[in-house]
J.: 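Below are the structure tokens for one structure; questions will follow.
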Amino acid sequence: MLVTTTPTIEGHKVVRYIGLVTGETIIGANLFRDLFANIRDIVGGRSGSYEQVLREAKDTALNELQQYALALGANAVIGVDLDYETVGNGGSMLMVTASGTAVVIEQLPG
């Protein structure tokens, strides 16, 4: 399934707009990851553990969005937007939301 942040897919005609689809995930950050991220903040550098959690959350939200679109009969999702928010006590959890428009695009021969 094609998934894009753009409102169109070059070379493909949208033949049917199905509607809004979303995918959400909430993932917790654990104590050890927080501890090592705080150390990273002090000495500088990137937090690989948090980056991995962000990637996993994004991938989960996008996968859920695609499954929802597929169930509605779509073969593409256009105009995808990703939002990241912290939720829970003291922002202890990360919420990633993916939203877009499920469409049916004309398949090109070949």
J.: About how many Å separate CG of N63 and CE of M1, when rounded to the nearest 0.5 Å?
T.: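 Nearest 0.5 Å value for the CE-CG distance: 10.5 Å.
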J.: On a heavy-atom basis, which atom in V77 and which in A69 lie closest, and how many Å separate them?
T.: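 So the minimum-distance heavy-atom pair works out to CG2-CB, 3.6 Å.
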J.: Give a yes or no on whether L65 and V14 share a hydrophobic cluster (residues Ile, Leu, Val, Met, Phe, Trp, Tyr; joining criterion: side-chain heavy atoms under 4.5 Å apart).
T.: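 No, because L65 and V14 fall into different hydrophobic clusters, even though each may have its own neighbours under 4.5 Å.
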J.: Would you say V3 and V96 are hydrophobically clustered, going by side-chain heavy atoms of ILVMFWY under 4.5 Å?
T.: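 Cluster IDs for V3 and V96 match.
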J.: Counting C-beta onward and ignoring hydrogens, is there a side-chain heavy-atom pair between I26 and V87 closer than 4.5 Å?
T.: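 In short, these two side chains touch, coming nearer than 4.5 Å.
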J.: Which distance, rounded to the nearest 0.5 Å, do you find between the OG1 of T86 and the CE of M95?
T.: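 T86 OG1 to M95 CE: 9.0 Å, rounded to 0.5 Å.
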J.: To check you understand the geometry: which heavy-atom pair defines the closest contact between A102 and A74, and what is its length?
T.: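 Nearest heavy atoms, A102 then A74: CB-CB, 3.7 Å.
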J.: Are any non-hydrogen side-chain atoms of E64 and T25 less than 4.5 angstrom apart?
T.: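 E64 vs T25: side chains apart.
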J.: What's the spacing between L94 CG and E85 CD if we round to 0.5 Å?
T.: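 So the CG of L94 and the CD of E85 are separated by 9.0 Å.
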J.: Do T101 and L20 come close enough that some side-chain heavy atom pair is under 4.5 Å?
T.: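 Sidechains of L20 and T101: no contact.
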J.: Looking at L62, T6, T4, V21, which one forms a side chain to side chain contact (heavy atoms under 4.5 Å, CB included) with V80?
T.: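 With V80 as partner, side chain to side chain contact (heavy atoms under 4.5 Å, CB included) holds for just one option, L62.
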J.: Treat each ILVMFWY residue as a node, draw an edge where side-chain heavy atoms are under 4.5 Å apart, and state whether L82 and L54 are in one component.
T.: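 As far as the 4.5 Å side-chain criterion goes, L54 and L82 are connected within one cluster.
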J.: Can you tell me how far apart OG1 (T8) and NZ (K13) are? Round to the nearest 0.5 Å.
T.: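 With rounding to 0.5 Å, OG1 (T8) is 14.0 Å from NZ (K13).
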J.: Quick one: does N75's side chain get under 4.5 Å of I105's, heavy atoms only?
T.: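 With C-beta onward as the side chain, the pair touches.
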J.: Quick check for you: to the nearest 0.5 Å, what is the distance between D83 atom CG and T22 atom OG1?
T.: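 OG1 of T22 is found 11.5 Å from CG of D83.
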J.: What is the distance from atom CG of L2 to atom CD1 of I9, rounded to the nearest 0.5 Å?
T.: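 So the CG of L2 and the CD1 of I9 are separated by 4.5 Å.
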J.: Hey, are the side chains of L70 and Q66 touching, using non-hydrogen atoms and a 4.5 Å cut-off?
T.: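 No; the side chains remain at least 4.5 Å from each other.
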